[in-house]
Number of protein chains: 2
Amino acid sequence: MRSYKEIRGILQERITSQQWQPGDLLPSEQALSEEFGCTRSTVNRAMRELADAGLVERRRKAGTRVVQPKSHPATISIPVIRQEIENKDQSYKYLLLERLEALPPEDVRAQLGLEQNEKALFLKSLHYGDGIPQQLDVRWINISALPEASQESFADIGPNDWLLQRVPHPNIEHVFRADKATAEEQRLLQLQECEPVFTIERRTWISGQGITYVRLVHPGSRYRMATRSSATPTFN
Amino acid sequence: MRSYKEIRGILQERITSQQWQPGDLLPSEQALSEEFGCTRSTVNRAMRELADAGLVERRRKAGTRVVQPKSHPATISIPVIRQEIENKDQSYKYLLLERLEALPPEDVRAQLGLEQNEKALFLKSLHYGDGIPQQLDVRWINISALPEASQESFADIGPNDWLLQRVPHPNIEHVFRADKATAEEQRLLQLQECEPVFTIERRTWISGQGITYVRLVHPGSRYRMATRSSATPTFN
DNA sequence: AAGTGGTCTAGACCACGAA
DNA sequence: TCGTGGTCTAGACCACTTC
């Protein structure tokens, strides 16, 4: 008798080895459950996880087919900057540069879902590792959603850390870019001539209500984002 | 009677609304199955998916707790450049710039797992959308793993497309960077002064054998990578 | 020792959608 | 129409880990 993990591994092997090629139809759950001497539920779980991983596509009546990949799925984990710095055993320093309540630009207003003349909290801060600037955090926070933000000075705690405590599990959207550094970014991040920045734009919201919109700006020469999840994911 | 999706949604709601806060212990599967009037299996599936999504952590005997997030998980889908261009209804053009078999530099040799004096196939190609260069593809291919590559001219088919047909589901690792453009990149990608490049480094292998190592170089002003998967994933 | 989650069984009903 | 996957049940045994 085989476990769903073993079955998943066997099926995965048959796919990566191209015994089953893209477009091919896999045997039905019924057939496989007989082959492996287990119940259909067990086979179902194995195949469902392969489908979640993007290796196969399943449709009722049509069966399960090997996917012809048209893109490379990948998962990344964007660490909170303080964590990332401390994990590297560097000393972390946080510096608040600017804090004010003001009318956000139109695009930010739309992203946060604010009224026409509604103010938001603007924060600009710098994060250092071993005294070297690693991240510039330029952020708008929706005060209607988080009135406590008005009372917080953000002198000692970074807005990212603060928000993670208040709103631990928001919805998130990210955009990554390689940008030319502005003059201000060049100065604040101590960039060399022509050194680009790696920008993470993040929008968070919860049940339709915008929470924050932020640009995380990193020195191109000191930042990389890595992935270790594959089209053929390393299951546990 | 409630389905596992309804239960998952209810639990998710209790977490995002902070009725259950980070660190809090959730009721046991047993208790929840009574609350929702279903079997433990159903609750198990709901909670397992919340764990997969990173909202909770589960340990035998210790129970299930809400996670205090220390990073933002995200999933991206890196499209094959031809697909991406065609999806935007632009005309796709592919141009092979260089093709030769040679000894790769030490770091690439290590990544591909080659012997000391083993040659590999080097390819340099450009991908255009509507006549504008969108991606420079600089690549090493392991000929031991893919001897057919020696016979392929790559004059008419891009190496990415070719590889996806041969080795549809390899293991993959990615690194993303914002880099200063080299003089050659600036010329080939028609970059402006100081315009950075968004670089995707990809390593693929299958059952321990290296397949390809590639740098995909994009004009910073014409490229963005987006994510729509959240810490609180939008389940189906 | 005992409570928790992890997995499996042997069935069942049903929704979907290809033929 | 009817084969496929999607889900659920009522039970069971076990692994793990805290107490």
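Each chain gets a letter, A, B and so on, in the order the sequences are listed, and its residues count up from 1.
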Enquirer: Establish, for the pair A:Arg45 and A:Tyr4, whether the NZ or CZ atom is under 6.0 angstrom from the six-membered ring centre and no further than 45 degrees off its axis.
Expert: yes
Enquirer: Check whether any side-chain nitrogen or oxygen of B:Thr64 sits under 4.0 Å from OP1 or OP2 of C:dT4, and answer yes or no.
Expert: no
Enquirer: Please assess B:Trp162 against B:Leu146 for the test side-chain contact (heavy atoms from CB on, under 4.5 Å), listing each intermediate value before the final yes or no.
Expert: CA-CA 11 Å; B:Trp162 187 85; B:Leu146 281 166; 4.2 Å; yes
Enquirer: Can B:Val56 and B:Leu11 be said to form a side-chain contact (heavy atoms from CB on, under 4.5 Å), step by step?
Expert: CA-CA 10 Å; B:Val56 299; B:Leu11 301 183; over 6 Å; no
Enquirer: Are A:Arg65 and A:Glu57 close enough for a salt bridge, meaning some N to O gap below 4.0 Å?
Expert: no
Enquirer: Looking at A:Glu29 and A:Arg58, is there a salt bridge between them, counting it only when a charged N and a carboxylate O are closer than 4.0 Å?
Expert: yes
Enquirer: Is the A:Phe176 ring parallel, tilted or perpendicular to the A:Phe198 ring (thresholds 30°, 60°)?
Expert: tilted
Enquirer: Roughly how many Å is it from CZ in A:Arg65 to C1' in D:dG3, rounded to a whole number?
Expert: 14 Å
Enquirer: So, does A:Asn44 get its side chain near the phosphate of D:dG6, meaning an N or O under 4.0 Å from OP1 or OP2?
Expert: yes
Enquirer: How would you summarise protein contacts on nucleotides 10-19 of chain D per nucleotide, using B for base, S for sugar-phosphate only and - for none, with heavy-atom distances below 4.0 Å?
Expert: BBB--BBBB-
Enquirer: Expressed in angstrom and rounded to an integer, what is the separation of B:Glu6 atom CD from D:dT7 atom C1'?
Expert: 12 Å
Enquirer: Just verifying a value: how many Å separate B:Arg40 CZ and B:Leu32 CG, rounded to the nearest 0.5 Å?
Expert: 11.5 Å
Enquirer: In residues 20-34 of chain B, which residues come under 4.0 Å of DNA chain D by heavy atom?
Expert: none
Enquirer: Assess whether side-chain contact (heavy atoms from CB on, under 4.5 Å) is satisfied between B:Leu123 and B:Asp137, documenting all intermediate values.
Expert: CA-CA 8 Å; B:Leu123 294 171; B:Asp137 180 315; 5.6 Å; no
Enquirer: Rounded to the nearest angstrom, tell me the gap between atom CZ in B:Arg8 and atom P in D:dT7.
Expert: 9 Å
Enquirer: Hey, does the side chain of B:Arg58 come within less than 4.0 Å of C:dG6's phosphate (OP1/OP2), counting only N and O?
Expert: yes
Enquirer: Using whole Å, what does the distance between atom C1' of nucleotide C:dC16 and atom CD of A:Glu57 come to?
Expert: 16 Å
Enquirer: Would you tell me if any nitrogen or oxygen in the side chain of B:Lys5 comes within less than 4.0 Å of OP1 or OP2 on D:dG6?
Expert: no
Enquirer: Just the rounded figure in Å: distance from P of D:dG5 to CZ of A:Arg45.
Expert: 18 Å
Enquirer: Between C:dG6 and B:Arg48, is there an OP1 or OP2 to side-chain N/O distance shorter than 4.0 Å?
Expert: no
Enquirer: Whole angstroms only, please: what is the CZ-P distance between A:Arg2 and C:dC8?
Expert: 12 Å
Enquirer: Strictly below 4.0 Å, N to O, side chains only: are B:Glu84 and B:Lys88 in salt-bridge contact?
Expert: no
